[in-house]
Amino acid sequence: MTDIYDKITEISKRRGFFWPSFDIYGSASGFYDYGPLGTKLIKNIKSKWRDYYINKESFDEIISTTIMSEDVFRASGHLDGFEDAMTECNNCNKSFRADHLVEDFTEEQADSLSNQKIYELIKENEVSCPACGGELGEVYNFNLMFKTSIGPGTGRNGYLRPETAQGMFVDFPYLQDTNRGKLPFGVVQIGRAYRNEISPRQGVIRLREFLQMEAEVFVKPGEKNHPSFSKVKDEKVKLYSIDQQEEKEGKPQKIKLEEALKSGLIGSEILAYYIGLTKKFLLDLGIDQSKLRFRQHLDEERAHYAEDCWDAEAKSDRFGWIELAGISDRTNYDLKKHGKNSNQDLRAFDKYKEPKKIEKKVISPNMDKLGPKFKDKSKKIAESLKDIRPEKMEKLLDKEKFEIEIDGEKFKLDDRYVEVEKKIEKRSGERFYPHVIEPSYGLDRITYITIEHSYDEDVLDEEKRKVIRFNKIVSPIDVAVFPLIEDKKLLNKSQKVIDSLDNELNTVYDESGSIGRRYRRQDEIGTPYCITIDHQTIEDNTVTIRERDSTDQIRVKISDINTTINKLTKNKVKFNELTSSPT
RNA sequence: GCGGGUGUGGUCUAGUGGUAGGACCUGAGCCUUCCAAGCUCAUGGCCCGGGUUCAAAUCCCGGCACCCGCACCA
């Protein structure tokens, strides 16, 4: 079978988009390196993404470590949640989730049980292999995180992060300070994440070491709107909701974001906004709109922390619908967990417009009476009194006398020793855990799909042509320069043309092989324009620009070439609107 | 991790125990006035490691990678 995936893999290895890592020693699945062209492509995709999130949304970018202490992942839930209890059939060797089997066969909630206990339950209830009925082996853990130890000996345990997100959560106190306490604010991170997948087998689609671009938007719980929503409200997106997925004939529907929001299909304006932004971003890269949809996570697949989640999915020729990005509402899950586990205050402070004055009843022990009477016990008594609710205290004081018990000792008290005072407390704001909206992008998959959706074959002079129709903003090479033949005069002119081009333009030079072959070499890696220096150049200082998609050519003066190429690559002018310079 | 299949230069492939061959690509040279032209030359290979054998690309074992199916994918 030769499909687009095979063709892209072949071009990738030969021309340098990506290839298997440490291949000379026999690569391991789930690891890929990016070659020179792939690296440029990724750089361009990152740059477009930063354009959206850093320039337009004004988010901050950080770099956090890829190895983090075990505590981080205990709090985040990855240590337990990322670990599956597995068992294998002794007869047919198939693997199963041990806890799921126990739940299927018995009434037990096996989710949180130890492996030992699950194994006992399997034995007691004679749970057997669902495939062949064979005996099941011992229960073992499989955690998808890569473990390491920090420092020599029995140092602290560390893990390679399974997502870049945690770095932004644990840095929250610093981030809040650098944002001077204001909400909402957003933070992004581009970097590697690691998951020790059981068996990744889909090229760069499922990797053990992969690239993420994640944004975390910290918002007030009740304020999940976005000031720029109007910019995307008329954007039509293909939404595939839970209901549609559960219906037999359910199909995604194309709908304006504003309508999807009004009808409650999308739960909050801010989610709708980032769905719109994600669509625009992906289309900018050249991803095919007809092969793009947003699918809502089903209840059972949604992560423990998420309230609502929509995946941007792209259709791949070989792999079907694959997730490129996930836009989820993580609520206050992460900050709350890290706050509790670290004993640090990860809440935000929301200042009221006007400080609120709250009348409060406060219990006030009279120490000048308590002291002389109860001596060394008086401090403890006072503390116990303060623990009583003011309302209850008022009732107690209505009686002539009341008793409290401390460490088994009883003390008789009355209104001489304690009173309930009314105090006016000034509150200038309140503390709360911000909610997190997380648009998270898988860079490797986006890169692959960008190539796949841009890949095309057409026929030129009865000959098949492989061409990657990259959008100009992502194309690794902007322009190629060729002398028509290897003639000294033409070579010299070519150098002058290259010199006249901006340094920002990615340029290649090629003088070997026939001109047609050189055009094909560039078509195959998606270079949008080729400049050719021919004999006429010597006479009138004009060169030809050849467009990749149409293979049409125009003639331009060398003095105009830099301006023209810049206009073309920045989409300020269309190729077919240009006419050859008068000669 | 399990079962099945596959593994020969960058790519496609011939080779069934006895000197590893071709085509394309790539590079050098010649030729060449715009879309993979031609000629000459060159680089480059039996997935890796063991074993059997006088001799292994070929047979056996193990590993790795890829493909299909199962399982897994917070």
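Here is how names work: the chains are called A, B, and so on, in the same order as the sequence lines, proteins then strands, and each is numbered from 1.
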Return the nucleotide paired to B/rC66: Watson-Crick means purine N1 to pyrimidine N3 with N6-O4 or O6-N4, wobble means G-U with N1-O2 and O6-N3, both under 3.5 Å. B/rG5
Could you walk me through whether A/Phe482 and A/Tyr519 pass the ring-ring contact (aromatic ring centres under 6.0 Å, His included) test, one step at a time? CA-CA 9 Å; A/Phe482 310 143; A/Tyr519 286 143; 5.6 Å; yes
Closer to the 5' end of RNA chain B via nearest nucleotide, is it A/Glu486 or A/Glu10? A/Glu10
With a 3.5 Å limit on both atom pairs, tell me what B/rG38 is paired to, counting Watson-Crick and G-U wobble, or say none. B/rC30
Scanning all shown strands, the Watson-Crick or wobble mate of B/rU43 with both distances under 3.5 Å is none
A/Asp317 CG to B/rC67 P, in whole Å, measures 14 Å
note: A/Leu491, atom CG; B/rU32, atom P; distance rounded to Å ~ 15 Å
Nearest-0.5 Å distance that lies between atom OG1 in A/Thr450 and atom CD1 in A/Ile446: 7.0 Å
Can you list the residues that meet the salt bridge (charged side-chain N to carboxylate O under 4.0 Å, His left out) rule with A/Glu70, with sequence neighbours excluded? A/Arg74
For this output row, return yes or no: ring centroids of A/Tyr333 and A/Tyr433 closer than 6.0 angstrom. no
Just the rounded figure in Å: distance from C1' of B/rC73 to CD of A/Glu197. 6 Å
B/rC35 base / A/Arg465 side chain donor-acceptor hit below 3.5 Å: no
Quick check for you: among B/rU32, B/rA65, B/rA36, whose closest atom lies nearest to any side-chain atom of A/Ile485? B/rU32
Is a donor-acceptor contact shorter than 3.5 angstrom present between the side chain of A/Gln553 and the base of B/rC34? yes
Rounding to a whole Å, what distance do you find between A/Asp458:CG and B/rC35:P? 15 Å
Within the 6.0 Å centroid threshold, strictly below: A/Phe319 and A/Tyr5: yes
Paired nucleotide for B/rC59 [Watson-Crick or G-U wobble; both distances under 3.5 Å]: B/rG51
If B/rC73 has a Watson-Crick or G-U wobble mate with both distances under 3.5 Å, name it; if not, just say none. none
Kindly say if A/Arg318 contacts the phosphate of B/rC67, meaning a side-chain N or O under 4.0 Å from OP1 or OP2. yes
I want to check one thing: is the phosphate of B/rU32, taken as OP1 and OP2, less than 4.0 Å away from some side-chain N or O of A/Ser514? no
Atom-pair distance (CD on A/Glu524; C1' on B/rC25), nearest Å: 10 Å
Give a yes/no on whether any side-chain N or O of A/Ser29 is located under 4.0 angstrom from OP1 or OP2 of B/rC66. yes
Applying a 4.0 Å non-hydrogen cut-off, can you work out what A/Arg518 is touching in the nucleic acid: base, sugar-phosphate, or nothing? nothing
How many angstroms lie between atom CD1 of A/Ile558 and atom OG1 of A/Thr537, to the nearest 0.5 angstrom? 6.0 Å
Any A/Arg521 side-chain N or O less than 4.0 Å from OP1/OP2 of B/rC25: no
Taking for each residue the nucleotide of RNA chain B bearing the nearest heavy atom, is the 5' side occupied by A/Lys13 or by A/Pro162? A/Lys13
Nearest to side-chain heavy atoms of A/His78, which nucleotide of B/rC72, B/rC35, B/rA74: B/rA74
Identify the nucleotide, in any strand shown, that forms a Watson-Crick or G-U wobble pair with B/rA20, with both distances under 3.5 Å; if there is none, say none. none
Just verifying a value: how many Å separate A/Ile545 CD1 and A/Arg555 CZ, rounded to the nearest 0.5 Å? 10.5 Å
Paired nucleotide for B/rC25 [Watson-Crick or G-U wobble; both distances under 3.5 Å]: none
Look at all strands and tell whether A/Ser512 reaches a base, only sugar-phosphate, or nothing, counting heavy atoms closer than 4.0 Å. sugar-phosphate
Suppose we call a contact any N or O donor and acceptor under 3.5 Å apart; does that hold for the side chain of A/Arg517 and the base of B/rC25? no
Round to a whole Å and report the spacing from CZ of A/Arg208 to P of B/rC64. 11 Å
Winner on side-chain proximity to A/Arg555, out of B/rA74, B/rC73, B/rC34, is B/rC34
Among B/rC67, B/rC35, B/rU33, the one nearest any side-chain atom of A/His535 is B/rU33
From the list B/rC35, B/rU33, B/rC25, which nucleotide is the closest neighbour of the side chain of A/Leu484? B/rU33
